[in-house]
There are 2 protein chains.
Amino acid sequence: MTPVELIKKKREGATLSEGELRWFITGYVAGTIPDYQMSAFLMACFFKGMSEVETLTLTNLMLHSGIVIDLSETPGTKVDKHSTGGVGDKVSLILAPIVAACGVPVPMISGRGLGHTGGTLDKLESIPGFRTSLSLAEYKAVIRKVGAVLIGQTYEIVPADKKMYALRDVTATVECIPLIASSIMSKKMAEGIDALVLDVKTGRGAFMQSYERSLELAETMVRIGTGFGKETVAFITDMNQPLGTTIGNWLEVVETVECLKGIRGIGDGSGDLMEVTHVLSGAMLMLGKKAKTIAEGMALSRASIQDGTAYNKMLEITEAQGGDTSALENLERYPLSKYTMEVKTIEPGFVGEIDSLELGLTSITLGAGRERIEDIIDPKAGIVLSKKVGDSVEGGDTLAVLQTDREAILEPARERIRNAYRIQSSPPRTRPLILSYVEKGGVKTWM
Amino acid sequence: MTPVELIKKKREGATLSEGELRWFITGYVAGTIPDYQMSAFLMACFFKGMSEVETLTLTNLMLHSGIVIDLSETPGTKVDKHSTGGVGDKVSLILAPIVAACGVPVPMISGRGLGHTGGTLDKLESIPGFRTSLSLAEYKAVIRKVGAVLIGQTYEIVPADKKMYALRDVTATVECIPLIASSIMSKKMAEGIDALVLDVKTGRGAFMQSYERSLELAETMVRIGTGFGKETVAFITDMNQPLGTTIGNWLEVVETVECLKGIRGIGDGSGDLMEVTHVLSGAMLMLGKKAKTIAEGMALSRASIQDGTAYNKMLEITEAQGGDTSALENLERYPLSKYTMEVKTIEPGFVGEIDSLELGLTSITLGAGRERIEDIIDPKAGIVLSKKVGDSVEGGDTLAVLQTDREAILEPARERIRNAYRIQSSPPRTRPLILSYVEKGGVKTWM
């Protein structure tokens, strides 16, 4: 067996045996197979795909390349949620306290923002003192004590994925469904979960821009989770406009707190955000055996907002991870951006579309995200949306407000945001927010 | 412009601009673009191909990555021949003295054998003292003096191709026609040629096993040569049995000498070898302006055997490159292999096919070739074919004789060679040896 033979085999579209794939991946992680052979192999996978067995084997190899966390000392069915990433997607921040408040433990290992979508870790770290780098012992202690924990990836977990992902990133081999699915699923299963809810975004602001590709990714991940004995369901949700009304790290924490307090939510600009949140929470509560159906879980989720337990759980999590809860209790004390600028519409009509990719990219220029891994984020910076799809506007109405410390960027950012709003003469057709539901048994249209 | 963007562009099947390709290749040769990005790019080229302009640009970049030899001080139209490599293919050794004897200078830079096909350099070096590593000054002096020169690649010529070829070899990206064509053509054009004749082998013993792929390679190379202003023609020739009667370095020199002396040739087992040789020589003489047509060139080629000028030229070339001409004059004095073994047929009938790939691979085990670049060749070792396709055999007839110093290999080699001969009850259909002729104007069936 030589690396060239295996690359050639994949190049010809054949399926590698478990032993062959194990030898290749293990050799790569150990450094005996060089980057240049792995990148040729990955490009061959891009064109030829991987079989279901290959994908499961790859996931398994990555999973066991590092520590698989054992959370058996925490009672209950541990359930996590993973999103493929959207603009203004602060669902994890709202859902983790809700689900934990309802009695299902949530172990969550998240990533940082890179590119146009934000990262949960960056959002949490905008809370003064909030630590996302916990030791394994602290991770276990926090989930045991408060029922939820949100940390970043450590070097102990799936090192094979880290090495392969870094290579894929620089060799144009990211966009390959079996590789994406095994990368996500190996990380999630290393957390110590028993079940998983997936939110696969689709549309212009999403990683997967077409519905078909999103569905393929969802089905692949559900198959992997099921194959590993972890009940896994997936939702395909629309990302053709940002979720909620804020884009930017602290701004999203503010929206999170207001949604958890019930000040904002269904009926206002955060309605789509809370719709997605309750559905995902509902599914997590069903998988966590606190509800018989998703609908029953959604009712529990809504109740946890109304009775204040979800908000209190957010304070508990924040305190357990070293965060300053008084910042959440007194949102108005947080430092303000040096510059604020309103983006106004010129023509009257209806908001037909909001290009969330463009909003995500613009928010980076304001300081809310990274273009390079070493960039420093400004937690205050971002965009607040005053109008969302379907809203009617008069000429001169404010569409959005941008906040930044970077004066030079104000004008160009305003232009970009104005152009990202498409104003049309008639109300747009209502689009469903949640498109499909995927479980072991197959795909269903949602509702 | 980043390497990832260009890899992605190729991955999506787009055409890179000349500037993009120049930046990428130049960066790779300079070491600023790493192997792992180039290998992903090469695999994308394998799947998506390259346009005609990209192929020309790549060839040009490789050609000018090193020295382009100027042979203008040698008068006449310099013509070389290149073969994609076959088993028992000693055409270069016979044709170079013929064409030089007829007054057309032949500058020839050849490769070593790797895999199942032998290398011209290894064959020449089986002549005691023959030097294939000449300095550029010596190279120019020899062709000026004797009208032909046969050397190996130097580090001064197409270093970009050397680096890329080494990477392709270990990343399963060799079998890509634009990459093969630009690699061959950049090397050939760096020699200082004015025109080129190509011999593209097809069949089981050839690099390109199907006729369609062979034709595509031939057309691509003819387009490149024409694009660079060098008149280029190609023949597609059959490699479904070895050429001539010998496989192995010194054995092939012996067959060469006997063919040049006219002792062997049309009418015996070397008939196919001399048929190909005269056609290619004839085309070279036409391109070299010593004949109006290929047929006229073929007549000159045959005459050079009959009047002894071709054999004398072989002695001149050998002497000019430090070789011991007495070894050629007294073939019987050469050392013999320790072991000789006849391979006999069991059943009577007709030779229907000879698996030249299998014969090439078996000859390596006898010591005639390399499995790894660092292996040392035994010049004496090899196979002499007593029967060729179409010959009738009785049970017990000798099919071939093998020669080696490796006792342990005798029995398994005999079995492999016996199995490589397919004996059938009726005479096989005659197959044409030269299938097609490709020139700037298009493809023609030969004869």
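Numbers restart at 1 for each chain; the letters A, B, ... are given by sequence-line order, proteins then strands. Quick caveat, the model's predicted, so the values are computed rather than measured.
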(request) Quick one: closest heavy-atom pair of A:Ala44 and B:Phe47, and the distance? (result) CA-CE1, 4.0 Å
(request) Decide if atom NZ of B:Lys162 counts as having more than 12 heavy atoms of other residues, nucleotides or ligands within a radius under 6.0 Å. (result) yes
(request) Sort B:Lys48 into side chain, backbone, both or neither according to what part of it lies under 4.5 angstrom from a heavy atom of chain A. (result) side chain
(request) Quick one: closest heavy-atom pair of B:Val4 and A:Val170, and the distance? (result) CG2-O, 3.4 Å
(request) Identify which part of B:Leu167 has an atom lying under 4.5 Å from any heavy atom of chain A, answering side chain, backbone, both or neither. (result) side chain
(request) Check each of A:Thr173, A:Thr171, A:Ile7 against B:Met43 using the side-chain contact (heavy atoms from CB on, under 4.5 Å) test, and report the only one that passes. (result) A:Ile7
(request) Might you confirm whether atom CZ of A:Arg416 has over 12 heavy atoms from other residues, nucleotides or ligands at distances under 6.0 Å? (result) yes
(request) Return the minimal non-hydrogen interatomic distance between B:Ser39 and A:Ser39, and the atom names on each side. (result) OG-OG, 2.6 Å
(message) Is it the case that over 12 heavy atoms from other parts of the model lie below 6.0 angstrom from the CZ atom of A:Arg22?
(response) no
